[in-house]
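Everything on this sheet refers to the single structure shown next.
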Amino acid sequence: MTGSPRGGRPPPGPGGYLDRSWDCPILHVDMDAFFASVALRDRPDLRDVPAAVGGGHRGVVLSANYAARAYGVRGGMSGARAQRLCPQLVSVPGDHAAFSTVSSALRDIFRRVTPLVEMASLDEAFLDVRGATRRLGSPRAIAELVRATVHDEQGITCSAGVAPTVSVAKIASRRAKPDGVLVVPPEEVVGFLHALDVEELYGVGTATATRLRRAGLRTVRQLAHAPLEELRAAVGPGAAHQLQVLAWGRDRSELHERRGPQEPDRSMGAQRTFARDLTEREDVLRELLALAAKVTRRLRAGGVAGRTVVLTVRYADFTTLTRSRALAEPTDVTQEVYAAATALLDALRREERGRPGRRGALRLVGVRVEGLLPSARVHRQRVLGEREHGWSDADRAMDRATSRFGAGVVRPAALLPGADGRAGRRSGDAPA
DNA sequence: TCTGGGGTCCTAGGACCC
DNA sequence: TCTGGGGTCCTAGGACCC
């Protein structure tokens with residue numbers, strides 16, 4: 001499709017193009033069944049056997065290999081359903097450290113091609129290859145080079161989409177799967193998009209797709225030609241504009257380099273679905289403490305502190321609520337986050353009390369800390385010797401012990417087995 | 001089809017301040 | 001005293017992605 005005469009050239013100006021490789025500057029590279037591929041790399045015996053990472057009681061499949069996909073097993077599906085579809089499905093545990101290691105190696109491979117890399121997640125990235133064509137050839141040739149390098153060095157396959165914009169490249173790589181390349185040159189963008197159903201657009205999920213369908217818009221072509229007023233009525237003004245931008249392939253082609261160390265994550269959180277719904281406050285509090293400890297450990301490891309604590313609660317009927325509270329100052333202290341989460345939980349219980357059809361048993365609780373700042377920028381205004389310093393010191397002592405002896409050797413007394421006579425049971429399955 | 005866990009971004013109303 | 005508008009923060013919820 002794209003001819004690729006070599007030769008560097010400034011970005012296309014009003015004078016038009018001679019070198020077509022400028023037209024498709026964006027490469028989207030996406031690993032095929034990433035978590036399953038990495039987990040199964042060293043298991044040739046499972047190569048052609050249906051296998052999945054994750055699943056289990058109340059769990060979902062994180063990723064399935066293509067043998068399992070042939071049975072209809074998909075990532076995001078409940079473990080129970082996957083087993084029903086494919087009774088011989090083999091479940092393997094995920095290895096988060098391995099996923100991170102491979103992800104870093106992938107980033108290095110991409111950076112060898114171009115410095116303009118936007119990592120979209122652990123296993124996918126956008127590459128601006130405008131400046132690499134003189135050295136490496138056409139965007140298609142670069143895509144094949146990246147795929148071959150990933151395969152040689154990491155032993156997994158990936159697919160690539162090549163297009164003038166980020167969203168079109170993303171859709172193209174999805175349609176190139178598995179182990180393929182799809183190039184969509186500018187003159188084919190509109191035709192390519194307009195043949196799709198609306199849910200294939202990047203950013204259109206089930207909720208938006210349902211609204212569009214209700215408005216009689218099933219294809220991207222219909223969406224592109226829908227009167228703006230009609231679209232606004234269906235999805236709201238902001239989304240309406242954005243959808244038509246996407247439907248005509250006019251989204252961005254500039255990449256945002258991922259946040260570096262100088263710009264921390266915006267939030268960190270942890271949540272947990274229980275093997276059995278919880279009804280006792282003490283049980284819930286113990287989970288909250290464990291979650292607060294987990295989140296603040298990550299905050300401290302990342303050198304950040306946050307000012308807003310968010311509690312998430314999911315009832316047995318799947319109703320999910322969040323309540324949040326801004327603290328006076330950012331914190332990374334377990335006991336402060338735990339105290340805020342507890343206060344939010346108790347306030348919620350008071351809200352619930354006396355309300356008809358109260359929901360009672362909890363299926364899940366979560367703790368998230370938002371508004372993160374580098375800890376160095378947090379000047380604690382406390383008077384020296386105030387109690388929180390004690391808690392903070394305790395946290396840091398725990399961090400040191402944990403890094404020396406491994407997770408779980410030191411934990412708050414309330415989390416010790418048998419601390420309240422309930423034998424500290426850990427509900428739920430092992431983390432994937 | 002009985003639905004995980006980690007995130008990001010957007011919207012919208014109300015409080016509060018200037 | 002009344003009124004208007006803008007900006008920012010807080011809170012809750014929703015949608016989406018991998």
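A note on names: the letters A, B, ... follow the listed sequences, proteins ahead of strands, and every chain is numbered from 1. These values consider heavy atoms only, across backbone and side chains, with no hydrogens, waters or symmetry-generated copies. Quick caveat, the model's predicted, so the values are computed rather than measured.
The side chain of Thr322(A) places no N or O atom within less than 4.0 Å of a non-bridging phosphate oxygen (OP1 or OP2) of dT11(C). Phosphate proximity of dT11(C) to Arg323(A): absent, as no side-chain N or O sits under 4.0 Å from OP1 or OP2. The side chain of Thr308(A) contributes no N or O atom lying less than 4.0 Å from OP1 or OP2 of dC10(C). For Arg363(A), a side-chain nitrogen or oxygen approaches OP1 or OP2 of dG4(B) to under 4.0 Å. For dC16(C), neither phosphate oxygen OP1 nor OP2 lies less than 4.0 angstrom from any side-chain nitrogen or oxygen of Lys170(A). Put simply, Ser267(A) has a side-chain N or O that comes within less than 4.0 Å of OP1 or OP2 on dT8(B).
Note on Arg286(A) versus Glu280(A): no salt bridge recorded, every NZ/NE/NH1/NH2 to OD/OE distance being 4.0 Å or above. Arg174(A) has no carboxylate O lying under 4.0 Å from a charged side-chain N of Glu200(A), or vice versa, which leaves the two without a salt bridge.
Using a 4.0 Å heavy-atom criterion, one finds that Arg74(A) contacts no nucleic acid atom at all. Heavy atoms of Arg211(A) sit under 4.0 angstrom from primed sugar atoms or phosphate atoms, though from no base atom. Counting any heavy atom pair closer than 4.0 Å across all strands shown, Leu364(A) reaches sugar-phosphate atoms only and no base atom.
Judged by ring centres under 5.5 Å apart and planes tilted less than 30 degrees, Phe318(A) stacks against the six-membered base ring of dT3(B).
Less than 4.0 Å separates DNA chain B from at least one heavy atom of each of the following residues of residues 80-89 of chain A: Arg81(A), Arg84(A).
Both Ser78(A) and Gly238(A) lie close to DNA chain B; mapped to their nearest nucleotides by heavy-atom distance, the more 5′-ward contact belongs to Ser78(A). Heavy-atom nearest nucleotides on DNA chain C were determined for Arg307(A) and for Thr320(A), and the one closer to the 5' end corresponds to Arg307(A). Taking for each of Gly269(A) and Asp317(A) the nucleotide of DNA chain B with the nearest heavy atom, the 5'-most of the two is the partner of Asp317(A).
Side-chain contact check for Glu254(A) versus Leu116(A): every heavy-atom pair is 4.5 Å or farther apart. Proximity of Met268(A) to Val304(A): side-chain heavy atoms (C-beta onward) are separated by under 4.5 Å at one or more points.
Rounded to an integer number of Å, the gap from CZ of Phe35(A) to P of dC17(C) is 16 Å. Straight-line distance from the CE atom of Met268(A) to the P atom of dG5(B): 19 Å, rounded to whole Å.
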Yes or no on salt bridge (Lys or Arg N to Asp or Glu O under 4.0 Å) for Arg314(A) and Asp277(A), after CA distance, side-chain angles and deciding distance? CA-CA 10 Å; Arg314(A) 177 169 295 156; Asp277(A) 299 338; over 6 Å; no

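By the neighbour-count criterion of 12 heavy atoms within 6.0 Å, atom CZ of Arg112(A) is densely surrounded, having more than that number from other residues, nucleotides or ligands.
Across all strands shown, dC18(C) forms a Watson-Crick or G-U wobble pair, both distances under 3.5 Å, with dG5(B). Look at dA12(B): its Watson-Crick or wobble partner, with both distances under 3.5 angstrom, is dT11(C).
Nucleotides dG4(C) and dC16(B), compared at atom C1', are 15 Å apart to the nearest Å.
Between dC18(C), dC10(C), dG13(C), one nucleotide has an atom nearer to the side chain of Ser121(A) than all others, and that is dC18(C).
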